[in-house]
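Per chain, numbering begins at 1; letters A, B, ... match sequence-line order. Small disclaimer: the values here were computed from a predicted structure and weren't measured.
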Amino acid sequence: MDPREAVIRDRFSSVRRVVAFASSKGGVGKTCITCASALALKELGHRVGLLDLDVTNPTAHIVLGIDPKSTEIEEEKGVKPVEARGVEFMSPALFTHGEPSPLRGGEIHDAILEMLSVTRWGSLDYLLIDAPPGMSDEVLDVLRYIPRLEFVVVATPSPLSIDSARRFTKFLLDEGARVLGLVENMGSGSLESLCKSMGVRYLGYIPFDPELDRAIEEGRIESTRFYASVREICRSAFHSL
Amino acid sequence: MDPREAVIRDRFSSVRRVVAFASSKGGVGKTCITCASALALKELGHRVGLLDLDVTNPTAHIVLGIDPKSTEIEEEKGVKPVEARGVEFMSPALFTHGEPSPLRGGEIHDAILEMLSVTRWGSLDYLLIDAPPGMSDEVLDVLRYIPRLEFVVVATPSPLSIDSARRFTKFLLDEGARVLGLVENMGSGSLESLCKSMGVRYLGYIPFDPELDRAIEEGRIESTRFYASVREICRSAFHSL
Amino acid sequence: MHEWALAEAIARYAESVCSSRRVSKIVVKLGTLQAIDREVLSFALNAILESDGIRGAEIVLEDEEAVFRCRRCGATWRYSDVELDEALREAIHFLPEAVHSFVRCPRCGSRDFEVVKGRGVEVAEVVCGDGSEGGSH
Amino acid sequence: MHEWALAEAIARYAESVCSSRRVSKIVVKLGTLQAIDREVLSFALNAILESDGIRGAEIVLEDEEAVFRCRRCGATWRYSDVELDEALREAIHFLPEAVHSFVRCPRCGSRDFEVVKGRGVEVAEVVCGDGSEGGSH
Ligand SMILES: Nc1ncnc2c1ncn2[C@@H]1O[C@H](COP(=O)(O)OP(=O)(O)O)[C@@H](O)[C@H]1O
Ligand SMILES: Nc1ncnc2c1ncn2[C@@H]1O[C@H](COP(=O)(O)OP(=O)(O)O)[C@@H](O)[C@H]1O
Ligand SMILES: [Mg+2]
Ligand SMILES: [Mg+2]
Ligand SMILES: [Mg+2]
Ligand SMILES: [Mg+2]
Ligand code: NI
Ligand code: NI
Ligand SMILES: [Zn+2]
Ligand SMILES: [Zn+2]
């Protein structure tokens, strides 16, 4: 028998809210938005954690400027998240050292159970989850194991993303998940009607920012207009602010 | 015992080349490029098939203008691909009717085995595979089951995509896969040096095309500059032309 | 009839287990989820074996009822208790995993359930002409 | 010592199987892939059970050797035969799935292999204070 499930609930007892940024479509901006949201919520005075759950292709550490190879893992009654610009950070990349990590679904499930059961988060206001694309073990596992989980759906105005977002949101609502709302990325407001038709809150849009990639390369995402837009959305999306 | 594996090789005996467009990063253009390549190779006089292997989030049918709900499936000693603008087309979307399709890895593996063993491709010069993001059952299964498989890696010049492409290409080469080369999407040539450093062929770049999304919506991808770029790359990438 | 393709898979598999032309018995389990047409499958399997020069092999087809178990709430239920449109049953006939698109847990509504048994076509046993069991190939 | 977190998981699990405070024996299998420190685990488990008011429970720790089987070529091999840097072994200690990043099939070079057994921490048996087996929870 696998004992790990039995302890996961305890691991989240020090965390006030857990919010997953998700979409079955890849490349819509989940990772950039999750990282920018973590930094913005921290800037707004909150204690924030970030968990990268893109198990076979994690990238959040790049945005946060963490080099997995040179990062020491500390143990203290579990595995301590590392500190990334004031954010408690955990990622499978910390253990794969930049090597390829091809895993079948059952192995992804096992890796997620392991990370959820041994990571000791501090006292956090927000734990943000950077979800992978697809609709598979990763999303099904967070739905199954993480108590009080909330979702932010990320979409762009492209026809492929809109179709995916509609299906993904239906999936979440059918599962009884809490959907905080949808963020439109690289757009200018055109997804508001999609939200209305699905009955989910429209959290706002983030314009295309041609400077984003370079800012990520230079480790200064906070200096971008992208970041300013994300911060405004965080301010209004998370009521308690 | 599962008998399906035993027949897969036979299913590809009428196909000259099988080429998967892949990347562990989502949103780099795999689907758009696979569909455009299929139409371009057909235009260049070849018999072409396209298999969508993004099992939990298929989107190629949207680019090809196929409505899964109103498409009849024909049986003839197996399942016949449907015809999409002169291309033989198979996709899990044909069976899920636009509903969400959340599947765990083992289920994805089963769905792929099923499609590979019952689909009866005609006599084809090229069967193109639209791979999903991630490095999981889908990519591992095509590597395991499809004879003579070749890969085209798709990447954009963004730092997250470059890091992913490097890791994904290393994975493919380590597996002994044939890597035809790398296509740079939404770029202007900056990934040529990445290819050199990895020892893979640089197949060319496709510029960002602000008209692409609208053209997809209107079902006329062939009218775009995006398509013209893809066609040039196909012309030079597939030697035999 | 797409059953033909699966019959070919069964024949290829049996032939790989025994040395060719010496298959004397094949036991096939048919999961009810895929709703395989027994007559079509059995006709196809006989025709394929015959054209491969294998005569008189005994074909046994056994139904296996499809049973689901929810990974979220633990509920179990049977495919035979599910009400479903003919068009959707046909989609599942072609791709059994499509069941996760159309069927949800009767207790909690989740699509995250396991097909415990009865998914599709499985070979339970192959007996070769010399009487040896090819089953554990 | 991250073993503490896994000891908590084992304790929570055992307590959920028996009615609390009545755990009398726990048998734990330790897959050698994760290279759990037995002394640290056993110290932590005793401390946690005691603080939960459970005294005198017998703790049995059994090693299970890690064995791999390649999904591409079928080769099998053991973790104990693999040469690996200490830093990489430590990464695998924290996340056993990292083995797919650092280890490849000795025959064909593939990373697509199965950990047949010996991955990590498993509870093989729990005996409750009244002598009942809580194992099948
Ligand atoms: N608002 C934006 N403006 C410009 N580029 C963006 C924007 N949002 C995301 N990107 C770019 O899009 C790419 C994909 O973003 P990413 O966060 O990795 O998506 P996902 O995590 O959904 O796959 C990245 O290269 C990123 O730089
Ligand atoms: N060269 C390009 N110019 C402009 N937009 C593009 C280009 N290539 C892809 N896109 C857009 O990027 C998005 C993601 O492309 P897609 O083919 O779905 O990527 P993937 O299959 O890798 O996830 C789509 O909305 C598409 O319209
Ligand atoms: Mg991402
Ligand atoms: Mg998966
Ligand atoms: Mg795609
Ligand atoms: Mg998967
Ligand atoms: Ni049929
Ligand atoms: Ni440890
Ligand atoms: Zn349920
Ligand atoms: Zn091997």
Q | chain C contacts, top residue of Lys80(B), Arg11(B), Glu5(B), Glu74(B) (heavy-atom pairs, under 4.5 Å) | A | Arg11(B)

Q) What option among Asp2(B), Val7(B), Asp110(B) has the most heavy-atom pairs under 4.5 Å with chain C? A) Asp110(B)

Q. Can we say Arg104(C) and Glu99(B) salt-bridge, meaning some charged N sits less than 4.0 Å from an Asp/Glu carboxylate O?
A. no

Heavy atoms of other groups near [X] [atom1], more than 12 under 6.0 Å:
X: Arg148(B); atom1: CZ; answer: yes
X: Arg220(B); atom1: CZ; answer: yes
X: Arg69(C); atom1: CZ; answer: no
X: Glu83(B); atom1: CD; answer: yes

(Q) Donor-acceptor check, side chain of Ser101(C) to backbone of Pro100(B), threshold 3.5 angstrom: yes or no? (A) yes

Do you know which of [options] has the most heavy-atom pairs under 4.5 Å to chain B?
options: Glu90(C), Arg111(C), Glu3(C), His93(C); value: Arg111(C)
options: Glu114(C), Arg12(C), Arg119(C); value: Arg119(C)
options: Val99(C), Val121(C), Val115(C), Asp112(C); value: Asp112(C)

Distance-minimising heavy-atom pair for [X] and [Y]:
X: Ala5(C); Y: Gly78(B); answer: CB-CA, 3.7 Å
X: Phe95(B); Y: Ala98(C); answer: O-CB, 3.5 Å
X: Ala9(C); Y: Ala6(B); answer: O-CB, 4.1 Å
X: Phe94(C); Y: Glu114(B); answer: O-CG, 3.7 Å

Q. Where does the angle between the aromatic ring planes of Phe102(C) and His97(B) fall among parallel (under 30°), tilted (30 to 60°) and perpendicular (over 60°)?
A. perpendicular

Q. For Glu107(B), is it the side chain, the backbone, both or neither that has a heavy atom under 4.5 Å from a heavy atom of chain C?
A. both

Q: Could you tell me which portion of Ile92(C) (side chain, backbone, both or neither) has an atom closer than 4.5 angstrom to a non-hydrogen atom of chain B?
A: neither

Q. Going from CG on Leu95(C) to OG on Ser101(B), what distance comes out if it is rounded to the nearest 0.5 angstrom?
A. 7.5 Å

Q | Glu97(C) and Arg104(B): CA distance, side-chain angles, deciding distance, salt bridge (Lys or Arg N to Asp or Glu O under 4.0 Å) verdict | A | CA-CA 10 Å; Glu97(C) 281 60 46; Arg104(B) 293 197 172 255; over 6 Å; no

